[in-house]
Visitor: 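This structure is in structure tokens; I'll ask about it shortly.
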There are 2 protein chains.
Amino acid sequence: MVHDGSSAEETIYRRATSCVMIDPILHILADSSVFQGLSERELQDVREAATMRRYVAGELMVRQGDPALAFHMLICGHAKLVQVTPDGHQVLIRYARPGHSFGLRSALSGFEYSLSAEAIDDSRALVWYGEVLAQLMERYSRIAFNGMRMMTLRNVEMQLRYQELLTEPVEQRVAQALLRLSNDMGQKTKEGILIDVPLSREDLAEYSGTTLYSVSRILRQWENAGVVRTGRERVLVRSQDSLLDIAAATI
Amino acid sequence: MVHDGSSAEETIYRRATSCVMIDPILHILADSSVFQGLSERELQDVREAATMRRYVAGELMVRQGDPALAFHMLICGHAKLVQVTPDGHQVLIRYARPGHSFGLRSALSGFEYSLSAEAIDDSRALVWYGEVLAQLMERYSRIAFNGMRMMTLRNVEMQLRYQELLTEPVEQRVAQALLRLSNDMGQKTKEGILIDVPLSREDLAEYSGTTLYSVSRILRQWENAGVVRTGRERVLVRSQDSLLDIAAATI
DNA sequence: CGAATTCTTTGCCCGCGCGCAAAGAATACA
DNA sequence: TGTATTCTTTGCGCGCGGGCAAAGAATTCG
């Protein structure tokens, strides 16, 4: 299975950094999954078609169920992408950091947002109206092609998570969730990998398909075993190998 | 939420029809999700870039884990798209009938097939090599755009199935599964909607995330209640309204 | 046509993990 | 600094549904 190679190479902007107008935005665009492979002139064209919007921590950037009118790419700050099920469960789909995007479907007519994006901290995002994005895709087929690639990867990940929910016990799923988070939002420290977003037991439960009580019991056990170090809304992975062992355990 | 409008309008070719070279193939291409919106000349171009392959019932058209080298579109016959999880569970992702396709990822370099496609009955499919499809997408951005749209819809459905697995009891999920199958593979008869593929209890279990024993108990109960009529590897939905009620029940 | 195979049915036991309760602890705010 | 709020922890009971067993029934094949 192939992963989105650009993720490993993207420049990581510290969450602690105060939120200011950042140069080079074109660099973020060039490194992003959707706009990679475009020439500098094409990137300039893309940049000029967007507006920059700012969001305060806690603000919704898009709302599930609303008509999907715009495509967003984070320039700084972080967001949490969530869905609410008909019976009121919240599912955490993923976190987003600079370079990550959502709302590709705005280029398709008549779609609603299938998830909500909530700014975790003060953030800025480039925003393209859907028709504008569609025109860019018509002009530069590479954007549509990259979009297809991104949605393919999203689908593959959703298939994997479905399979995990179907076949794996809770502990295994929580281990997998922490590994994904380490990979996507992790920052290496002397002690291990710090997951660099606020991550409550509730958040981790929503991400791995369980409840905060199960997550609490599991993290307590792993902390005692030295696998993780935790605090309030904070998880640091001390032994990624242990998590890999747990994640791969066969029943 | 928007559905793939072309599904409702696609011409349905009877499974019972013996498998012969069918005219009009261009019509199937024009109606398909991937190639809709192309001009007649463009469709001709697309048609000429493909080869026609024949598969006997039971034969694998693509295999999960193999490098994704080709894109397939069924011209006649039916296929079953499945995944096997690391611990040996089989998941039925969906059925495919003429006009349906799989393997878009072959246009993306370095991907493996995430599922296997097995011919249910003697079938024929148009096959495009990945590089050829990628070139077609570069030449006609509408194909890449349609591809992005198709993968978006796939992703949305996968998200919904994840949510269902997370929050709904087995009976509700089996009802939803039958509704989807009625919609995708159903044929109206006097008695109700016949799901027009062989559908064992095991198949329905793999499609709805449960076991054949649970499905058996549920179908037996629904048959007694007049909701369905069943036979061996055969389900006819007598009361779609009843299934809708069951599917929508809140805990 | 009979044997073999595969699918379906029904009973029943067990365990995972959800969910509720009841705290304690950490953080935010006035 | 103290109060209020929110998050975390731990105990425990219950139920959904998985899975095994043991058949019966339908279909396939020789």
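Residue numbers start from 1 in every chain, and the chains themselves are labelled A, B, ... in the order their sequence lines are given, proteins ahead of strands.
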Visitor: Distance check needed: D/dT5 P versus A/E202 CD, whole Å only.
Guide: 19 Å
Visitor: Name the nucleic acid region contacted by B/R220, choosing base, sugar-phosphate or nothing; use a 4.0 angstrom heavy-atom cut-off, strictly under.
Guide: sugar-phosphate
Visitor: Output yes when at least one side-chain N/O atom of B/T211 is less than 4.0 Å from OP1 or OP2 of D/dG18, else no.
Guide: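 Affirmative; the distance criterion is met.
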Visitor: Write down the atom of A/Q172, the atom of A/A247, and the distance for their closest heavy-atom approach.
Guide: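 Closest pair (atom of A/Q172, atom of A/A247, distance): NE2-O, 2.7 Å.
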Visitor: Please name the pair of heavy atoms, one in B/S182 and one in B/Q240, separated by the smallest distance, quoted to 0.1 Å.
Guide: CB-NE2, 4.3 Å
Visitor: Is the number of heavy atoms from other residues, nucleotides or ligands within 6.0 Å of CZ (A/R229) greater than 12?
Guide: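 No, not enclosed.
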Visitor: Looking at D/dT9, I'd like to know if its phosphate oxygens (OP1 or OP2) sit under 4.0 Å from a side-chain N or O belonging to A/S216.
Guide: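 True: A/S216 side-chain N/O within range (under 4.0 Å) of D/dT9 OP1/OP2.
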Visitor: If I take atom CH2 in residue B/W222 and atom P in nucleotide C/dT8, what distance separates them, rounded to the nearest angstrom?
Guide: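 After rounding, the reported distance stands at 15 Å.
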Visitor: So which nucleotide from C/dT9, C/dC18, D/dT9 ends up closest to the side chain of A/L212?
Guide: D/dT9
Visitor: Starting at CG of A/N224 and ending at P of D/dT10, how long is that distance when rounded to a whole Å?
Guide: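 In whole Å, D/dT10 P lies 8 Å from A/N224 CG.
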Visitor: What I'd like to find out is whether the side chain of B/L115 reaches to under 4.5 Å of the side chain of B/V82, using heavy atoms alone.
Guide: no
Visitor: So if I take every side-chain heavy atom of A/R217 and compare against D/dT8, D/dA26, D/dG11, which nucleotide ends up nearest?
Guide: D/dG11
Visitor: Nearest of C/dT9, D/dG18, C/dG19 to any side-chain atom of B/S214?
Guide: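 So the side chain of B/S214 is nearest to D/dG18.
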Visitor: For A/I28 and A/I75, which heavy atoms make the closest approach, and how far apart are they?
Guide: CD1-O, 3.7 Å
Visitor: Whole angstroms only, please: what is the CD-C1' distance between B/E168 and D/dG17?
Guide: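 Nearest whole value for this atom pair: 15 Å.
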Visitor: Is there a donor-acceptor contact under 3.5 Å linking the side chains of A/Q83 and B/Q163?
Guide: yes
Visitor: Is A/D203 paired with A/K80 through a side-chain N to carboxylate O contact shorter than 4.0 Å?
Guide: yes
Visitor: Of the listed nucleotides (D/dC7, D/dG17, C/dT8), which one gets closest to any side-chain atom of A/E233?
Guide: D/dC7
Visitor: Can you check whether B/T210 has a side-chain N or O nearer than 4.0 Å to OP1 or OP2 of D/dG18?
Guide: yes
Visitor: When you measure from the side-chain N and O atoms of B/R201 to the phosphate of C/dT8, is any distance below 4.0 Å, counting only OP1 and OP2?
Guide: yes
Visitor: Taking CD from A/Q221 and C1' from C/dG17, how many angstroms apart are they, rounded to a whole number?
Guide: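 From A/Q221 CD to C/dG17 C1': 14 Å.
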Visitor: Given axes from five pairs at either end, by how many degrees does the helix from C/dC1-D/dG30 to C/dA30-D/dT1 bend, rounded to 10°?
Guide: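 Comparing the axis at each end, I get an angle of 50°.
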Visitor: On DNA chain C, does the nearest nucleotide to B/L199 precede the nearest nucleotide to A/G209 from the 5' side, or the other way round? Give the residue.
Guide: B/L199
Visitor: Can you measure A/D203 atom CG to D/dT6 atom P for me and round it to whole angstrom units?
Guide: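 Atom-to-atom, A/D203 to D/dT6, this comes out as 15 Å.
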Visitor: Less than 4.0 angstrom from a charged side-chain N to a carboxylate O is my criterion; do B/E157 and B/R180 meet it?
Guide: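 Here B/E157 pairs with B/R180 in a salt bridge, since their nearest N and O are under 4.0 Å apart.
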Visitor: Take atom CD1 of A/I218 and atom C1' of D/dT10, then tell me their distance rounded to the nearest Å.
Guide: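 Interatomic distance, CD1 of A/I218 to C1' of D/dT10: 14 Å.
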Visitor: Please pick, from C/dT8, D/dC20, C/dA25, the nucleotide with the shortest atom-to-atom distance to any side-chain atom of B/Y213.
Guide: D/dC20
Visitor: Find the distance B/L204:CG to C/dC7:P and express it as a whole number of Å.
Guide: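 Rounded to the whole Å, the gap is 15 Å.
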